[in-house]
> 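Below you'll find the structure I mean.
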Amino acid sequence: MNEQSQWTQQVKALLDASAHDLDAATLSRLNRARQAALAQRRKAARRWFIPAGLASACALALAVAIWHGRAGAPPPAQGDVVALAANADDADVGADDDDFYADLDFYAWLDAQGQEPPG
Amino acid sequence: MVVTMPTIPVHPVEWDRASVESLAEHTLDEFLKSVERRALRMAELATLNRDEALDLVQDAMFGFVRHYAAKPAADWAPLFYRVLDSRLHDWHRRRQVRSRWLAAWLHDPQDAGIDAIAQAPDVSDPGPLLRLAGSEAARALDAALAKLPLRQRQAFLLRVWEGFDVAATAAAMRCSQGSVKTHLSRALTALRRELEDYA
């Protein structure tokens, strides 16, 4: 161990001794200061819980409202789904039928033309 | 021969929030306990007044818990001393302003009766802690440390006493590593000169 290192070790030992030999009143004040700092941390954590709790409650309420809204209009049963699909097909067929019925006069005329001899 | 296999828990231990908070607070409490005495000594060497030193340490604890408690525990020590260093600088600035006012009043013949110098703390006073330590060498060290400029004293105490490396000391003092080396070199020279009888 060189001289510099020995010297710093002595200095460290002296400083350690001075920090170790604190009286009870000082230690008590240090303890109170530490507890106060930790209490402030707990208080700060509680301050965050309030808005976080409110946000969670709002999200829960929104989820429940959406769920109730869906529950009010029951989902279609399997048969209804098939019927709905069939109706959709019918709707397309119905469009063709409309054309057919509109052209009935034309078909009647065409038929008559085919049965009567050309005059 | 029957070999019993060690049972491995199927489910990991589940920590609820309260347990995690309690553990974090316990860790923080232990850390503050581990630094509070040295922090008090540093503050006392800067202020030469125990009450003011205790107030500064309490402020440093509050500031550290408020701003840095969420940081990884491995980084806490330099961060705590950074807060303390900041408080010590603030205290010195306030004291300088007060000293200027006191100096101005001293020149006022109406206030000639007030001896401001007598009321200011004596730099050569070893302080109550080293009186408790009771050794002449300790007293001389205390006086020599108190004579150092704040930056030199902090560099010395953090590097030599606290055992920080140069980078951590620079982080705590908010300066470059080169500055730490300069402050430390000057502090060592001054202390060796002051304490040559005890070296």
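Since we're looking at a predicted model, the values are computed, not measured. So that the names make sense, note that chain A is the first sequence line, chain B the second, and so on, each numbered from 1.
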> Taking it one step at a time, do Asp29(B) and Gln35(A) satisfy side-chain contact (heavy atoms from CB on, under 4.5 Å)?
CA-CA 8 Å; Asp29(B) 187 37; Gln35(A) 295 307 323; 3.9 Å; yes
> Give me the atom names and distance for the closest heavy-atom approach of Met61(B) to Ala33(A).
SD-C, 3.9 Å
> Quick one: side chains of residues 166-186 of chain B, donor-acceptor pairs under 3.5 Å with protein atoms, not counting sequence neighbours, listed by atom name and distance.
from	atom 1	to	atom 2	distance (Å)
Thr169(B)	OG1	Asp165(B)	O	2.8
Ser176(B)	OG	Ser179(B)	N	3.1
Ser176(B)	OG	Ser179(B)	OG	3.0
Thr182(B)	OG1	Gly178(B)	O	2.9

> Heavy-atom count around Lys33(B) NZ within 6.0 Å, excluding the residue itself: above 12?
yes
> Need one label for Leu191(B): side chain, backbone, both or neither, based on atoms under 4.5 Å from any heavy atom in chain A.
both
> To the closest 0.5 Å, what do you measure between CG (Leu40(B)) and OG (Ser18(A))?
9.5 Å
> Among residues at least two apart in sequence or on other chains, which ones pass side chain to side chain contact (heavy atoms under 4.5 Å, CB included) with Glu25(B)?
Leu38(A), Arg41(A), Arg42(A)
> Please determine whether a side-chain nitrogen of the Lys or Arg among Arg50(B) and Asp23(A) lies less than 4.0 Å from a carboxylate oxygen of the Asp or Glu.
yes
> What I'd like to find out is whether the side chain of Leu27(A) reaches to under 4.5 Å of the side chain of Arg37(B), using heavy atoms alone.
yes
> Can you tell me which portion of Phe64(B) sits under 4.5 Å from chain A's heavy atoms? Options are side chain, backbone, both or neither.
neither
> With rounding to the nearest 0.5 angstrom, report the CD to NZ distance, Glu162(B) to Lys12(A).
9.5 Å
> Taking all non-hydrogen atoms of both residues into account, name the closest pair between Trp161(B) and Ala19(A) and its distance.
CZ2-CB, 3.9 Å
> Are Trp91(B) and Phe62(B) in one and the same hydrophobic cluster, where Ile, Leu, Val, Met, Phe, Trp and Tyr link if side-chain heavy atoms are under 4.5 Å apart?
no
> If you round to the nearest 0.5 Å, how far is CZ of Arg139(B) from CG of Leu14(A)?
11.5 Å
> Answer with side chain, backbone, both or neither: which region of Ala36(A) has an atom nearer than 4.5 Å to a non-hydrogen atom of chain B?
both
> Are more than 12 heavy atoms from other residues, nucleotides or ligands located less than 6.0 Å from atom NE2 of His26(B)?
no
> In terms of heavy-atom pairs under 4.5 Å with chain A, which of Leu157(B), Leu145(B), Leu32(B) leads?
Leu32(B)
> Would Leu15(A) and Val160(B) count as a side-chain contact (heavy atoms from CB on, under 4.5 Å) here? Give the steps.
CA-CA 10 Å; Leu15(A) 289 167; Val160(B) 174; over 6 Å; no
> Going by an N to O cut-off under 4.0 Å, is there a salt bridge joining Asp51(B) and Arg29(A)?
yes
